[in-house]
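Within every chain, numbering begins at 1; the chains are lettered A, B, ... in the order of the sequence lines, protein sequences first and strands thereafter. These figures come from a predicted structure and were not determined experimentally.
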Amino acid sequence: MEYNFKAIEQKWQKQWVDNKTYKVEIDKNRPKFYVLDMFPYPSGAGLHVGHPLGYIASDIYSRFKRSNGFNVLHPMGYDAYGLPAEQYAIQTGQHPQITTDTNLKRYREQLDKIGFCYDWDREIRTCDPEYYHWTQWAFIQMFNSYYCNQAKKAAPITELVEAFNAVGTQGLDVACTEELEFTADEWKAKSETEQQEILLNYRLAYLADTMVNWCPALGTVLANDEVKEGISVRGGHPVEQKVMRQWLLRVSAYSERLLEGLDKVDWSDSLKEIQRNWIGKSEGAQMKFKVKDSDIVMDIFTTRADTVFGVTFMVLAPESDLTPLLTQPEQKEAVDAYIQQTKKRTERERQAEVDKVTGVFTGSYAINPLSGEEVPIWVGDYVLAGYGTGAVMAVPGHDSRDFKFARQFNLPIVQVVIPEGEEATDPATWEDSKDSKAGTVINSDFLNGLSVPEAIAKTKEYIREKKVGDVKVNYRLRDAIFSRQRYWGEPFPVYYKDNLPQMVDEADLPVQLPEIDKFLPTEQGEPPLGRAKNWVYKDAYPLELNTMPGFAGSSAYYLRYMDPKNDTALVGKEANEYWQDVDLYIGGTEHATGHLIYSRFWNKFLYDLGYVVKEEPYKKLINQGMIQGRSNFVYRINGTNKFVSLNLKDQYETTAIHVDVNIVSNDVLDTEKFKNWNPEYKNAEFILEDGKYVCGWAVEKMSKSMFNVVNPDDIIEDFGADTLRLYEMFLGPLEQSKPWDTNGIDGVHKFLRKTWRLFLNANEEFEISEEKATKDELKVLHKTIKKITEDIEKFSFNTCVSAFMICVNELGSLKCNKLEILDPLTVLLAPFAPHLAEELWSLLGHENTVCDAQWPEFVASHLVESTFSYPVSFNGKMRFKLEMPVDAPNNEIEEAVRNHQSSQKWLEGKTVRKIIIVPKKIINVVVG
RNA sequence: GCUCGAGUGGUGGAAUUGGUAGACACGCAAGACUUAAAAUCUUGUGUCCAUUAGGACGUGCGGGUUCAAGUCCCGCCUCGAGUACCA
């Protein structure tokens with residue numbers, strides 16, 4: 001009986017489907033456990049061997065939990081809306097739904113072959129109207145809500161309207177785009193249109209003219225996390241800044257709670273750190289600088305209130321509302337020219353030319369609220385409109401950007417802080433500003449002599465007393481732009497009446513994506529939905545032409561899995577109360593500043609409104625590492641069709657060429673396959689070493705162009721799914737990036753065959769002994785139970801695999817085929833190699849699935865030994881071993897060491913200063 | 001620049017609270033079985049010295065703490081990730 005993995009895997013995959021082995025229902029008699037993978041976007045390329053890594057890990061953990069008595073929810077679905085399908089549609093005219101369905105089918109086939117324990121009855125697709133019904137529903141709730149800073153939660157916008165009617169904005173402390181002030185009477189006097197326009201300032205989903213990241217090549221706006229270094233993450237196209245009227249989600253309202261929540265979840269420190277940086281909390285002071293000969297007051301934010309006496313000028317962002325107001329007639333031309341010039345630069349250019357200092361004087365002066373001094377107001381593009389107030393007080397002595405600006409335009413520089421261990425010097429001699437926060441304040445009136453932190457505190461106190469400012473916390477986190485000028489996304493549940501946005505009745509949801517003839521913008525430059533016929537609501541009102549961004553559908557999907565067929569709610573109360581939250585979430589770190597922020601925001605919002613029971617959606621999160629490619633190279637002698645083997649290449653002028661890793665084995669090229677691989681190489685000649693052509697190699701990203709893509713289907717064809725699963729885990733720690741190298745796969749495949757053979761007799765027939773297990777056999781088993789159980793809990797799956805190998809090697813040498821040992825071993829192995837385990841489990845005579853077998857219990861007494869083999873070291877260097885009874889008293893051990901024959905050499909002519917005995921660990925003799 | 005993480009054989013990687021560095025594999029070498037190959041099995045495999053016995057050196061570099069350091073502390077170097085005129 002050979003280990004016929006193909007037959008075994010096909011058989012059990014069919015049985016699992018037929019028996020609905022992985023179907024999950026609420027079961028209040030068992031504790032729940034929710035394991036979630038970040039669902040994939042089904043791209044046209046299908047899965048490569050790197051994709052399933054996290055899925056395999058979560059699958060192992062799910063099966064482990066099930067064996068330990070948990071009711072495990074482990075669903076899967078697809079993030080089906082996205083740019084690639086739409087771009088393909090633009091190129092070919094093929095409807096993105098068709099592309100998506102094809103890709104999805106391919107994904108499903110590939111996933112099925114790996115033997116995952118997903119409950120496919122719960123599958124969701126974000127492009128399914130049944131699903132995006134609830135994405136639209138959530139949007140409506142956000143539109144109808146505002147965020148109260150005092151209660152620290154979202155509340156219905158109707159409450160805010162009541163407050164406006166009663167007292168206007170008096171005592172108002174809510175999240176908003178702009179601080180507004182009006183009385184109840186003023187509010188009531190406003191027209192409906194004016195009132196609606198004002199409410200947009202407070203809604204959690206709101207429409208606003210805003211500076212957006214516009215990507216001309218993609219014809220759409222992008223969120224901040226979709227842009228890296230001025231380039232779109234998808235496609236790599238340049239991005240520019242542009243003002244557009246767009247939907248936004250007021251994510252910034254939740255900044256503090258998103259930050260605090262990180263302390264309550266079990267995520268890796270690095271991921272938490274990324275989110276903390278992205279939220280970017282900074283505490284400081286907001287201060288008012290009056291403008292000379294004007295009623296205008298400049299608000300500025302600073303974290304260095306201690307340096308106010310060092311302010312020698314002010315700088316406004318070019319886009320600031322104040323810029324035109326403060327520009328004096330004689331400077332108007334220069335300022336306008338400057339603004340035009342900065343507008344022309346793309347975000348990318350601005351970032352690339354960070355060192356280039358530009359700016360222009362407005363002609364106005366501001367009055368320092370502490371010193372009363374007058375300082376010039378400049379415009380400079382190093383000040384960002386979107387952060388703080390879009391204006392800064394410049395302290396060139398103690399801020400390097402202000403310093404550069406001052407030097408460029410010959411503005412004065414004053415020293416107000418002496419860094420620790422330095423003396424006051426003439427700023428004219430400085431190379432750079434002195435930014436250190438450890439030092440003593442000088443030239444600053446009542447702050448003189450204080451340390452920096454003391455001076456910050458005192459200044460804050462002073463400005464509050466004199467009402468020239470206040471303590472203020474700023475966040476870097478911006479509101480999320482929620483409109484995309486695309487076709488293949490969720491339509492908004494929004495229509496326009498008198499140009500004002502209105503929400504579609506919840507009863508009319510979902511608003512289905514209409515059919516259109518072409519997937520391009522209209523001739524008038526409207527988004528693709530502008531092409532839809534009858535794209536109106538209630539026969540009269542035009543519907544929104546934008547669609548929602550990629551992160552919309554993934555923000556609450558984990559809730560939908562709990563209750564995927566519910567047509568009256570996103571998730572029913574009973575299901576939500578049972579499943580609660582995700583206990584284990586596995587996915588890539590690339591979602592740190594996108595999906596994982598939006599999803600937490602979305603969930604907190606639903607929590608505030610009482611729709612869900614948990615404030616944080618993902619209790620524990622693990623980022624699986626990237627599997628990189630391992631590329632192979634051949635070396636062509638320049639100008640010839642001759643290829644030289646790796647270690648001889650230095651004798652020639654060569655060019656390295658990527659070669660398909662699938663025609664290379666252990667870095668040795670199959671030269672015949674190489675000739676057929678590409679017509680160009682049909683007549684290739686080779687210079688061999690030891691009769692072989694050895695290729696070079698390098699670790700690179702796995703991609704088609706590097707010819708290093710390895711497909712899981714091919715691996716499964718050659719070695720089986722269980723081998724693939726085991727090998728992916730054996731490759732290294734889950735969270736670490738590592739290269740895929742098919743070469744090592746033989747090791748785990750051999751291990752599975754060895755395991756199989758444990759159950760066979762000399763005639764290759766299945767035969768199991770009912771005999772009682774020996775002490776040694778039990779020791780091997782229980783050592784393994786302990787190790788596997790502990791390591792699964794630590795997500796250390798690579799060491800699990802090696803523990804299995806050790807176990808099977810040892811049982812092999814003990815020639816153990818006893819039921820008492822192999823039965824529990826099968827259960828241990830089941831999460832890792834479920835097909836093989838099912839087959840063995842049924843051969844062992846069990847009728848149920850091994851998934852429901854009880855996890856073996858570790859019995860410590862099987863590991864107890866009567867003696868311990870001590871490593872004996874002299875001055876820390878291990879020299880020999882000494883077998884002693886475990887309960888031997890120290891003086892006996894000492895004596896045994898002193899008298900041991902091997903000790904004499906190390907003791908000769910030396911005195912023993914000390915003997916350290918660590919029970920059951922080590923003996924160290926200190927000599928000298 | 002700032003923040004975080006990582007540097008261990010030819011390769012992937014092991015190593016509780018500091019306690020035998022290199023587990024488990026791959027690869028390589030030698031051998032057994034075979035007409036041959038594949039498969040399987042056995043042995044060896046950090047580097048250097050030594051015929052052996054054995055010894056010296058070894059976890060990026062330099063210091064330190066300790067009976068004992070891959071592990072802790074200080075200072076560097078290199079690589080990776082995130083982020084960036086954030087006031």
Side-chain angles (χ1 to χ4, degrees), chain A residues 2 228-229 268-278 280-282 284 300-304 307 315 317 350-351 353-357 380-384 386-395 398-402 404-405 435 474-478 589-590 592-593 623 625-626 630 666-667 697 699 727 730-733 735-748 750-751 753-754 757 790 794 796 798-807 809 869-881 905 913-918 920-928:
Chain A
E2 271 281 300
K228 290 232 155 75
E229 287 162 7
S268 73
D269 288 339
S270 67
L271 191 68
K272 286 187 186 180
E273 203 57 34
I274 293 172
Q275 289 215 341
R276 284 195 190 105
N277 291 340
W278 188 258
K281 181 177 184 172
S282 76
I300 61 93
F301 175 76
T302 181
T303 53
R304 291 297 300 274
T307 60
V315 189
R350 246 169 110 156
Q351 284 184 5
E353 299 162 9
V354 159
D355 288 333
K356 210 165 129 190
V357 182
D381 70 356
Y382 81 93
V383 177
L384 305 177
Y387 185 78
T389 59
V392 299
M393 61 175 214
V395 186
H398 306 285
D399 180 285
S400 62
R401 294 152 303 174
D402 297 342
K404 276 192 202 122
F405 197 85
D435 295 3
N474 247 315
Y475 299 91
R476 209 193 67 118
L477 184 68
R478 317 281 174 83
T589 178
E590 68 272 18
T593 54
N623 291 120
M626 271 246 296
R630 186 180 187 277
N666 285 328
D667 293 336
W697 63 275
V699 172
Y727 186 54
F730 189 57
L731 230 38
E735 298 184 70
Q736 191 176 304
S737 285
K738 58 241 164 196
W740 176 271
D741 182 359
T742 308
N743 288 336
I745 202 164
D746 268 340
V748 289
K750 251 187 245 174
F751 155 74
R753 282 210 304 260
K754 263 192 224 171
R757 279 205 306 274
E790 286 173 358
K794 287 192 296 190
S796 176
N798 56 328
T799 51
C800 285
V801 178
S802 82
F804 277 125
M805 288 172 168
I806 293 168
C807 174
N809 287 344
S869 177
Y870 278 98
V872 181
S873 50
F874 290 80
N875 288 345
K877 286 216 183 298
M878 210 283 277
R879 297 301 177 184
F880 62 90
K881 292 236 180 140
K905 179 170 168 191
R913 301 197 184 235
K914 211 199 275 186
I915 297 184
I916 287 143
I917 297 164
V918 186
K920 289 171 87 175
K921 275 268 161 63
I922 199 167
I923 298 166
N924 190 19
V925 185
V926 187
V927 295

Sugar-phosphate, base or nothing in reach of A/Gln736, heavy atoms under 4.0 Å: sugar-phosphate

Pairing nucleotide - B/U51, Watson-Crick or G-U, each distance under 3.5 Å: none

A/Asp381 CG to B/C86 P, straight-line distance once rounded to whole Å: 13 Å

Atom C1', compared across B/U34 and B/G9: separation rounded to whole Å: 34 Å

Mate of B/G10 where both pairing distances stay under 3.5 Å, Watson-Crick or G-U: B/C26

Complementary nucleotide for B/U16 - Watson-Crick or wobble, under 3.5 Å: none

Touch class at under 4.0 angstrom, heavy-atom based, for A/Val383 against every strand present: base

Touch class at under 4.0 angstrom, heavy-atom based, for A/Lys905 against every strand present: sugar-phosphate

Base B/U17 to side chain A/Lys921, donor-acceptor N/O within 3.5 Å cut-off: yes

B/G64 to B/U71 separation - C1' atoms, rounded to the nearest Å: 15 Å

Selection from B/U20, B/G27, B/C4 that lies nearest to any side-chain heavy atom of A/Glu273: B/C4

Nucleotide opposite B/G1 in a Watson-Crick or G-U pair, distances under 3.5 Å: B/U83

Touch class at under 4.0 angstrom, heavy-atom based, for A/Ile806 against every strand present: sugar-phosphate

Parallel, tilted or perpendicular: ring planes of A/Phe301 versus A/Tyr387, cut at 30 and 60 degrees: perpendicular

Touch class at under 4.0 angstrom, heavy-atom based, for A/Leu731 against every strand present: sugar-phosphate

Aromatic A/Trp740 / basic A/Arg630 pairing, under 6.0 angstrom, 45° off normal: no

Partner nucleotide of B/U65 by Watson-Crick or wobble geometry (both distances under 3.5 Å): none

Rounded interatomic separation in angstrom, taking NZ from A/Lys754 and P from B/C41: 6 Å

Touch class at under 4.0 angstrom, heavy-atom based, for A/Asp399 against every strand present: nothing

Sugar-phosphate only, base, or nothing, as touched by A/Val918 at under 4.0 Å among non-hydrogen atoms: base

Complementary nucleotide of B/C76, counting Watson-Crick and G-U pairs under 3.5 Å: B/G60

Touch class at under 4.0 angstrom, heavy-atom based, for A/Phe730 against every strand present: base

Spacing of the P atoms in B/A69 and B/G19 (rounded, Å): 11 Å

Nucleotide B/A87, atom C1' - distance to OH of A/Tyr382 in whole Å: 8 Å

Parallel, tilted or perpendicular, as decided by the 30° and 60° cut-offs, for the rings of A/Phe880 and A/Phe874: tilted

Earlier contact from the 5' end, RNA chain B, for A/Val925 and A/Arg478: A/Val925

Pairing partner of B/A39 (Watson-Crick or G-U wobble, both distances under 3.5 Å): none

Sugar-phosphate, base or nothing in reach of A/Asn474, heavy atoms under 4.0 Å: nothing

